[in-house]
Amino acid sequence: MADRNPAPDTPELRARWSAFAWTPENRTTADWHIAKYPEGRQRSAVMPLLDLAQRQVGAETDTQGWLPLPVIEYVAQYLGMPVIRVLEVASFYFMYNLKPVGKFHVQVCGTTPCMLRGSDDIIAACKKRGMEKGHVSADGLWTLTEVECMGNCATAPMVQINDDNYEDLTPERLDAVLDALAAGQQPKAGTQEPGRHTSEPSGGPTTLKEMVTENHDYRGEW
Amino acid sequence: MPKVTVDGQEIEVPAGATVLQACELAGKEIPRFCYHERLSIAGNCRMCLVEVKPGPPKPQASCALPAADGQEIRTDSAMVKKAREGVMEFLLINHPLDCPICDQGGECDLQDQAVAYGRGGSRYHENKRAVTEKYMGPLIKTIMTRCIHCTRCVRFSEEIAGVDEIGALFRGEDMQITTYLEQAAAHELSANVIDLCPVGALTSRPYAFEARPWELKKTLSIDVSDAVGANITLHSRGREVMRALPRINDDVNEEWLSDKGRYQVDGLGKRRLDRVWVRRDGKLQPAEWTEAFGMIAGALEGNASSIAAVAGDLLDAETMFAAKALVNACGSQLTEARQTGMTYDVSNLAAVNFNSTFAGIETADAILIVGSNIRWEAALLNVRLRKAVKAGAKVFVVGPEWDTTFPATFLGSDLKILNRVPKELGDVMKSAKRPAVIVGAAALAKGALPAALKLVDKFGLVKDDWNGFNVLHISAARMASLMLDFTVPGGMADIAKAAPKVLLSLGADEMDYAPYAGSLKVYIGHHGDKGAHHADIILPGASYAEKDGTYVNTEGRVQFAEKAVFAPGDAREDWTILRALADALDVTVGFDSFGALQGKMIAAVPALGEEGLADYGALPKPDSAAKAEGEITAHPVKDFYLTNPIARASEVMQRCSDELLHGADVKEAAE
């Protein structure tokens, strides 16, 4: 959280982003989001619109995307709301990047369950590949961020890279994922444990075993 | 009306009241930081915890809990005491221990409540949070490490001022209150967040490190920076007014004050006229009172009645009455207060009064503003209009566009619109239950008053319990001058035509002195401003802080202000100068003391003797032939911060004008 200040308001930033406007498709999407809310409550669409703007910036810069101040101002003006209110939202939620990020934003969960399952090794593996917390790597591909719980404790440790989670990681599995991403492939999202589908108990169920094959009626056993 | 029990005492509370309000009704003090009567409920400081049954077995935030029938509320139980101590300990975790150097010291809610409700000490030994200072303009000084995140300032700027510029960025421990990109808070009421801040995070920049609250003498006074007549307290130390703070008066200013009323007071000590000056060989040179009086008497020799008086915008009623008595005693009727040359009809004062009252205009449901930039001419009225709009009122404006803080429809600036009302306006006004028209100074100057009066019948502005016809003046002295009949029918043109031998200018700094080249111009006032530059004789007078006086605001509300400090140097209270001048001119004005003067004034105009709204009777019959002509090209207030001689002398106001209105670079003092 400490480094969540918006990117400085420089003339270069203004020159690069002042002309920001929705692409035709995004305009349609933005209006569709706004139309979801009743008359007079259009500002409620601020969160999907910020996300959309971040994705559009990402598409323009070939990164995950971020929110330069002129883009935040554009969203505020599009919704007719004070820009400070939009900045409040953008600075509150971690999913909005206030600074430029790389093509792949590697967000490693470091909260207790992941830490117990080896997230320190995951972070070390990331750093070994040249990533640095809060910085874009020299090749423009990677940004490393340590985040709090992502809700994948059953498949810890995990990283979130852009829109996908990669779980049950070891440093080797993470390397495989990152190598695939760097090579332009789309590795399988979700758990990386062979034989595991989602977050079911690893090594087979330990409770409600009869339910695996049929809808077993336990009531007689209570 | 729910019945609740507070600490064993059963009371009935109004429907919709909160538990906190119920406790207050029962006479219990509930500590609080984020809760404020005039702002929305946030419920984030947790200081107002009480025990409520029935309910969950834990302390409840009383500010956000509705009072319900049969509730048993305890504010004195062990649980409540422990909860308050706990909350206070948490609030103090990140609060710096800098009370000795904090300007809020002595009037700090956190300090007071920590003493009253906190534990003796802290158990926190880790590092404290520190937050960088935020720039919020020339009036607000920030020490953000002291902030306890009550968000009162955020809610004030959003809800009351209507200028969304303060926000809370980031979250949790990193939450920071700031303006967007640390721009200055640039609206007319910005400094009210200083009063609202319960800690020393937002303090007054001009008043920084000046004085402690307990060494100040508090004097009840009236703000003269506009015609609202906001109730203020002047805080003085020795001979200096240190600051002005608003007093609560729900009928006038609620508990707010415009930045000008609050911060022009440093002008009271600058550019003061503190001795007599007379013009010799084209140059103003120091002189004695007797010499100046002799010159005036000499100028009137042979034509004793060739004297006229013009009143400025900041005058109290007593000064104007004394001047009128003097001029009349000399045998002249030439007195005029509308110094910029306005000539509207004053035979019926109801037609030039703000009849709806400020509290009443909140209930209006359709409002037409003709020629007034309300934000600059009466910032506190704008707060009321905003409340009306929030309650559903529609607002139309005739005149140049200005930045409203509420949705409003601008109908152009051509006054002909009053003769032929467009359908969109007419439909709304005629169907409104409480329609209101506000005629501003720009419209008065264009002579639009008779045409506006025709709207009374057309829109049905006057109903059983409603009078929607309003004139908004911009001069604090205006209504009192009209009540005292300090006018001539042709206005300033009549005075100029009479070419008086002696022109008494009572702090008239906005008038045109060009037509009076042949007159002996005597300026009786307190600041070396435009009037003093043109004067042949300067007699140093007292400002509003240095004399007792009666003021009448634009609603016709009579209010008394008290003397806070003595005028500097040789300056005297204005009435004494006029009394001495009467002796020099060998005429009798009939008073020898301020009490006698006031008594005589009240005998002449009884309404001035009673605090409260004066009764001006019914509106006059409109002149059916009246037509409004012309276009309102500009509002009279060109620069909100520099409208009167005190404000123009004030460094703070000059800096506000430079930075906030004219975009000059931020001047950071090298403190």
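Quick note: numbers below take in every heavy atom, side chains included, and nothing from hydrogens, waters or symmetry partners. Proteins come first, then strands; the chains are lettered A, B, ... in the order of their sequence lines, and each starts at number 1.
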What's the separation between atom CD in A:Glu73 and atom CG in B:Leu181, rounded to the nearest 0.5 Å?
6.5 Å

Hey, could you give me the CD/CD distance between A:Glu88 and B:Gln176, rounded to the nearest 0.5 Å?
12.5 Å

Residues of residues 140-160 of chain A within contact distance of chain B, non-hydrogen under 4.5 Å:
none

Within a reach of under 6.0 Å around NZ of A:Lys36, are more than 12 heavy atoms found that belong to other residues, nucleotides or ligands?
yes

Other residues, nucleotides, ligands: >12 heavy atoms within 6.0 Å of A:Asp139 CG
yes

So does B:Lys394 have more than 12 non-hydrogen atoms from other groups sitting under 6.0 Å from NZ?
no

For atom CZ of B:Phe406, is the number of surrounding heavy atoms from other residues, nucleotides or ligands below 6.0 Å larger than 12?
yes

Gap between atom OG1 of B:Thr178 and atom CG of A:Leu87 - 0.5 Å precision
8.5 Å

side-chain contact (heavy atoms from CB on, under 4.5 Å) for A:Val86 and B:Tyr180? Distances and angles first, verdict last.
CA-CA 10 Å; A:Val86 184; B:Tyr180 183 62; over 6 Å; no

For B:Arg171 and A:Phe92, work out which heavy atoms get closest and say how close.
NE-O, 2.9 Å

Qualifying residue, where the test is side chain to side chain contact (heavy atoms under 4.5 Å, CB included) with A:Ile84 and the options are B:Ile166, B:Val154, B:Leu169
B:Leu169

Could you check whether atom OH of A:Tyr93 has more than 12 heavy atoms from other residues, nucleotides or ligands sitting under 6.0 Å from it?
no

Which residues from residues 101-132 of chain A are near chain B, with near meaning under 4.5 Å between non-hydrogen atoms?
none

Where B:Phe170 and A:Ser91 come nearest, the two heavy atoms and their spacing:
N-OG, 2.9 Å

